[in-house]
Amino acid sequence: MLEHYLRERLREKGILLMTHIVLGYPDFETSMNIVASMVAAGVDMMELQIPFSEPIADGPVILHANQRSLAAGSSVRRCLDFGREAAARFPIPFLFMSYYNILYRFGVERFASVIKDSGLQGTIVPDLPPEEGAEYMQAMQKHGLNPIFIFSPASSEARLAYVASCARGFVYCVARKGVTGRETRFSDQMDAYLARCRRATNLPLAVGFGVKDRRDVDFLRGRADIAVIGSQTIRLVDEHGPGAVGDFIAGLR
Amino acid sequence: MLEHYLRERLREKGILLMTHIVLGYPDFETSMNIVASMVAAGVDMMELQIPFSEPIADGPVILHANQRSLAAGSSVRRCLDFGREAAARFPIPFLFMSYYNILYRFGVERFASVIKDSGLQGTIVPDLPPEEGAEYMQAMQKHGLNPIFIFSPASSEARLAYVASCARGFVYCVARKGVTGRETRFSDQMDAYLARCRRATNLPLAVGFGVKDRRDVDFLRGRADIAVIGSQTIRLVDEHGPGAVGDFIAGLR
Amino acid sequence: YVPEILTSTIEQLDEAFCAARSDPAFWAEYVRIMGEYSCRPTPLTYAENLTRHFGGARIYIKREDLNHTGAHKANNVMGQGLLVRRMGKKRVIAETGAGQHGVATATMAARCGFSCTIYMGALDVMRQRPNVFWMERLGARVVAVNEGSRILKDAINEALRDWVTNMDDTHYVLGTACGPHPFPEMVAWFQSIIGREAREQIQRLTGSLPKRIYACVGGGSNACGIFLPFIDDDVELVGVEAGGRGVATGQHASRLSAPGAAVGVAQGYKTFFLQDGDGQMRETHSVAAGLDYVGVSPILADLHRQGRVRFESATDTEVVQALELTMRAEGLIPALESSHAFVQAFKEAPRMSPDESIIINQSGRGDKDIFTVADAFQDPAWRDFITDTARRYANA
Amino acid sequence: YVPEILTSTIEQLDEAFCAARSDPAFWAEYVRIMGEYSCRPTPLTYAENLTRHFGGARIYIKREDLNHTGAHKANNVMGQGLLVRRMGKKRVIAETGAGQHGVATATMAARCGFSCTIYMGALDVMRQRPNVFWMERLGARVVAVNEGSRILKDAINEALRDWVTNMDDTHYVLGTACGPHPFPEMVAWFQSIIGREAREQIQRLTGSLPKRIYACVGGGSNACGIFLPFIDDDVELVGVEAGGRGVATGQHASRLSAPGAAVGVAQGYKTFFLQDGDGQMRETHSVAAGLDYVGVSPILADLHRQGRVRFESATDTEVVQALELTMRAEGLIPALESSHAFVQAFKEAPRMSPDESIIINQSGRGDKDIFTVADAFQDPAWRDFITDTARRYANA
């Protein structure tokens, strides 16, 4: 069970690291090498993004990675195969991240069945709020998977409670308004927000959007359970190649 | 008196010729040479057009001549001087032809006084119907000049009678609808029209608009008193130079 | 002041016009058509932001820009179209400068089933290609006039030349309140629909008449149209002419607001013309092609003489500034022509009281002017766009 | 189907919308503003010549082209502008494809005093430079979106990205009856002013309801607007989509009239999208930029499912022919988008009875499309004009 794994891991480390890659960017072989480097560098969990043509929650870095991957011909089938292989090769939990249309077109129940069978732990679907996700939640539950839902700083207490009631595994707290990959100021305001999140659920809290270096991770230590590194590793690969990822991750905590 | 002169001349010739030039086109010296050639070739009367920037009754040939003369800097004063010189040098009647704004700006009474003093016989003003021309007719009468008015094929009998009542010297019958310089078919219809003109006035009848060769002049012989050659001589000068004018005129009857 | 040959044609037109004017059913039919084919009554828009900006008189804008084909020209052409039907003619001709009247006439001809020829100065044809394109698409033949200055006045001359040739089956749809009688009266009468509506609208909205009314003056038809129904009222009427590069430079089209013009006779009528001492017409200039004309409506010349209409001028530079402000403050895009009226209103509104209201006649919309306006704003992206489009054509 | 961060913003909007909808004073204020700032009610024009030409049903045309800014888009933006005031926000953003909605939004923002950013695909920015020019002149910032296919859908994505960042003070003025709830209902509600007017007008003019109503369908707002007030009537409703180069070629934007589309979720809502088997959105094509969109209003998708609206498609070639005929016969210049509705009406009118009437919704005017239309007509003089203008710029 994902939640259990995370709690075990948290006993050993003050904060966990989840990283994110866009599958097939720049190609699937490189994607697998990056996963291997990240796991070797001590990442605790990974989200594998199945690219979509209209990724409305993503900023420029991840957006471009989506587009390039699609332009290079990546398919949903190929991404699912990648997930199966990664889950088989590496001893950390993997999640798929994608937009709802990918699941919807594939068939939500079938999607859940395939990823369960592949050994993944769940999915993050940023454009699927729980009130639209009845079919999705049912399928995830049926297959013992974790539907990762999202807290936002704009959510009311009631909203946090409602989202929490649907969540399994952990909750993904977006650190701020906006899309992925932009600067986030980790400040007192964030403190109050994370305290609200903590009050809303007993599940571990992951914090993403703008987490990019050791200082950010240090800020989150004690305030959250998982730091999510998204766009920053893609930037790193873009600028310095996949080989640079290991050192970067190792240096984050 | 112009009418008397015309009647005298008509005793000798079956039909008279009036020609037309645009003053200052292509330049004043050439204009004078053309006058000389025309007089030598036996022309009975001439209209000297003072160029105007908006000659609405003129077709392309005379229109261009107006524009080129103005572009070369010709002024009303220079045109009046030309008229004075021509009248002094040559033994035929000269008329000024221009649009009303030229007379109006110069001062209608002053204009009449100057041309009388210069020895010209009258004026043709194609955009001045008699009902707008009270001041003009008064000035012309005062100085014993001939205001040449116009019959048109679209005029009713009443209209012809009214125009005739204002006319002195002769009446200018436009041969057809339209502007100067286009082809005119001298046909039976024209016969009927000229008969109507003849009934409307005892004054000599000049016919213009599209009269261009001996055949046209022959047609008019017996039906009218004066054939008016306008655009055709300008075309001739354009194509063959001023020297060609004499032979052309001489060959018309 | 027309050639003899037109006398009977003009008489026939005058009779048709007089009969129409004295027939209430004709006006009712005209109003009905303008309501169903165009969008009359056009609104009178309260310019709340401009009013606040200037802090003086309450500014109302008469929205002739909303008319079908985008300007007040629609009123005149549809009115003349009805007269043409009455007279049984099958062909219409018109002059056009900026192209608006040409497009309006071509539109009316398409709607009424007339054949249509539009005379347009060759320079204007080059400058106003979009309008030429639409005229042709609407089924009109557009003749580029290569005479004279190759602009509006030359197009009028050429249209007159066509008319003296083809008057039996052809009506000349003169575009403004100029030309031989009865055109000035007739065009002004059709355009008076603007002022009739505005008079009723301003009283409904404010409970009283406006203090002043501003209209740009090229030929003068939009000004006549909005002014005449207020002529007996205690309302100051202000006509704004094209000041071009400044009346001192001589590059302008200010006939009544500056000393350069004199009474003369041309193009079939008597009025103030910009002319030299010999009576030759002068070159004119305005950023607004529709105001760039040597003559002016004899009706306005007469009202000027009487002191009933005050005439001012606005320079090209002022016009572009007023247009920019109006776009940003109200989301309206007056034509460059209409923007002249805005200039003068903007000068005077601040010195007036908030208890007073003024009306500006927005005679047309400015998006037709993109080539001119983009040039006036020196927009580099527009230049790049045109350059790229030209390159695409070259490679096609 | 929006990111969690937008939940409360959408809730706030939904509340404001519901409050407005249940407040008769709000609608009355909306109608008043549309009457005083634009020219509503827009006329319903009887197309006498087209009716005669086809010899079948009586053809009426709803004249949304006469609206301020030249299309039905004005209705939606002014309505949303009123809501923005209610919500106390100071900034608006919008996507635009052809540029019409961008110009309309920039206009509304200028009038209402909001700051304004418009997202526009970089390809559309290049193709629709005139509209970009006007948006900028109206005070809007235009952001060229260099993501994805660099067209409308990418502009929507980018606008959503702005919104999730700035929703506290910013309202997203979505341009059509698509996107997350309550946008489809809200936009359709504002646009229903078209159908409400048309319903009353056709009954006044003919004494009965029309047999059929034709509207083009891009996002679907003009179609929803004219259809919905007739939804309970015995009136056949026909939506016409972009057939592009022919639905068989795959180069089109027919979501409901052709088998290529499937239900999906994107851009915050669920509807029929043109997508591949994986759920990736496909490239689309239409001569009309405003119809060139992968999704379609969920309201129309639902009416399609119910069989209440019939969907057809018109090819680029048919559209240009219908436009040409309409210009020559009636002097009307429908937008290329609107011309799609004309195509289908022209196919069906001849087989109908003169006792029956139909309405075509002329959603916008076509003179905004001169660059596209001139290309479609392959007008050589236009090419020369552009080439000469480019040369003039090069020499300046």
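We name chains A, B, ... by the order of the sequence lines, and we start the count at 1 in each one. Note that the structure is predicted; figures quoted are calculated from it, not measured. All values below come from the heavy atoms of this structure, side chains included, with hydrogens, waters and symmetry mates left out.
Looking at heavy atoms from C-beta onward, C/Leu123 lies in side-chain contact with C/Met126 at the 4.5 angstrom threshold. Side-chain contact between D/Leu323 and D/Leu336 is present, with at least one heavy-atom pair separated by less than 4.5 Å.
Of the listed residues (D/Val125, D/Asp384, D/Val132, D/Ile333), the greatest number of heavy-atom pairs within a distance under 4.5 Å of chain C belongs to D/Ile333. Among the candidates C/Ile370, C/Asp379, C/Thr387, the residue making the largest number of heavy-atom pairs closer than 4.5 Å to chain D is C/Ile370. Chain C forms more heavy-atom pairs under 4.5 Å with one residue of D/Thr45, D/Val103, D/Thr107 than with any other, namely D/Thr45. Across D/Pro41, D/Ala394, D/Ala329, the residue that shares the most heavy-atom pairs under 4.5 angstrom with chain C is D/Ala329.
Heavy-atom distances place the backbone of C/Asn67, and not its side chain, under 4.5 Å from chain D. Residue D/Arg63 touches chain C through its side chain alone, counting heavy-atom pairs closer than 4.5 Å. Proximity to chain D is limited to the backbone of C/Arg127, based on heavy atoms less than 4.5 angstrom apart. Of the atoms belonging to D/Ala381, heavy atoms from both backbone and side chain fall under 4.5 Å from chain C. Heavy atoms of D/Val373 lying under 4.5 Å from chain C belong to its backbone as well as its side chain. Using a 4.5 Å cut-off between heavy atoms, D/Asn49 contacts chain C through its side chain alone, with no backbone atom that close. For D/Trp134, the part sitting under 4.5 Å from any heavy atom of chain C is the side chain, from C-beta outward, and nothing else. The parts of D/Leu332 that come within reach of chain C are both its backbone and its side chain, each placing non-hydrogen atoms under 4.5 angstrom from that chain. Heavy atoms closer than 4.5 Å to chain C are found in both the backbone and the side chain of D/Glu136. Heavy atoms of C/Ala374 lying under 4.5 Å from chain D belong to its backbone as well as its side chain. Looking at D/Arg392, the atoms closer than 4.5 Å to chain C (heavy atoms on both sides) all sit in the side chain, from C-beta outward. For a residue to count as touching a neighbouring chain, one of its non-hydrogen atoms must lie under 4.5 Å from one of that chain's; by this rule C/Thr389 touches chain D with backbone and side chain alike. At a 4.5 Å heavy-atom cutoff, the contact between D/Leu138 and chain C is made by backbone and side-chain atoms alike.
Residues C/Asp388 and C/Arg383 are not paired through a salt bridge, judged by the lack of any N-O separation under 4.0 Å between the basic side chain and the carboxylate. C/Glu48 and D/Arg111 are not joined by a salt bridge, as no carboxylate oxygen comes within less than 4.0 angstrom of a charged side-chain nitrogen. The residues C/Arg204 and C/Glu200 are annotated as salt-bridged, a charged nitrogen and a carboxylate oxygen being separated by less than 4.0 angstrom. In this structure, C/Arg129 does not pair ionically with C/Asp124, as no charged nitrogen and carboxylate oxygen lie closer than 4.0 Å.
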- Steps toward side chain to side chain contact (heavy atoms under 4.5 Å, CB included) verdict (C/Met108, C/Val173): CA-CA 10 Å; C/Met108 177 276 279; C/Val173 185; 4.0 Å; yes
- Evaluation steps, ring-ring contact (aromatic ring centres under 6.0 Å, His included), between C/Trp382 and C/Phe371: CA-CA 9 Å; C/Trp382 174 256; C/Phe371 283 88; 5.1 Å; yes
- Task: Start with the C-alpha gap between C/Leu205 and D/Glu36, add the side-chain angles, then the distance that decides, and say whether side chain to side chain contact (heavy atoms under 4.5 Å, CB included) holds.
- Result: CA-CA 11 Å; C/Leu205 289 170; D/Glu36 291 180 4; 3.8 Å; yes
- Message: Would C/Met34 and C/Met78 count as a side chain to side chain contact (heavy atoms under 4.5 Å, CB included) here? Give the steps.
- Response: CA-CA 8 Å; C/Met34 293 312 292; C/Met78 291 308 296; 3.5 Å; yes
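Sequence neighbours left out, the pairs with a member in residues 60-82 of chain C that pass ring pair (Phe, Tyr, Trp, His ring centres under 6.0 Å) are C/Tyr37-C/His68, C/Tyr46-C/Tyr60.
The side chain to side chain contact (heavy atoms under 4.5 Å, CB included) test with D/Cys112 singles out one residue from D/Gln80, D/Arg85, D/Lys90, and that residue is D/Arg85.
Judged by distance alone, with hydrogens and angles left aside, the side-chain atoms of D/Glu197 form no donor-acceptor pair with the main-chain N or O of D/Lys62 at under 3.5 Å.
Taking non-hydrogen atoms and a 4.5 Å limit, the residue list of residues 113-121 of chain C in contact with chain D is empty.
In this structure, C/Arg137 forms a cation-pi arrangement with C/Phe133, its terminal cationic atom sitting closer than 6.0 Å to the ring centre and no more than 45° off the ring axis.
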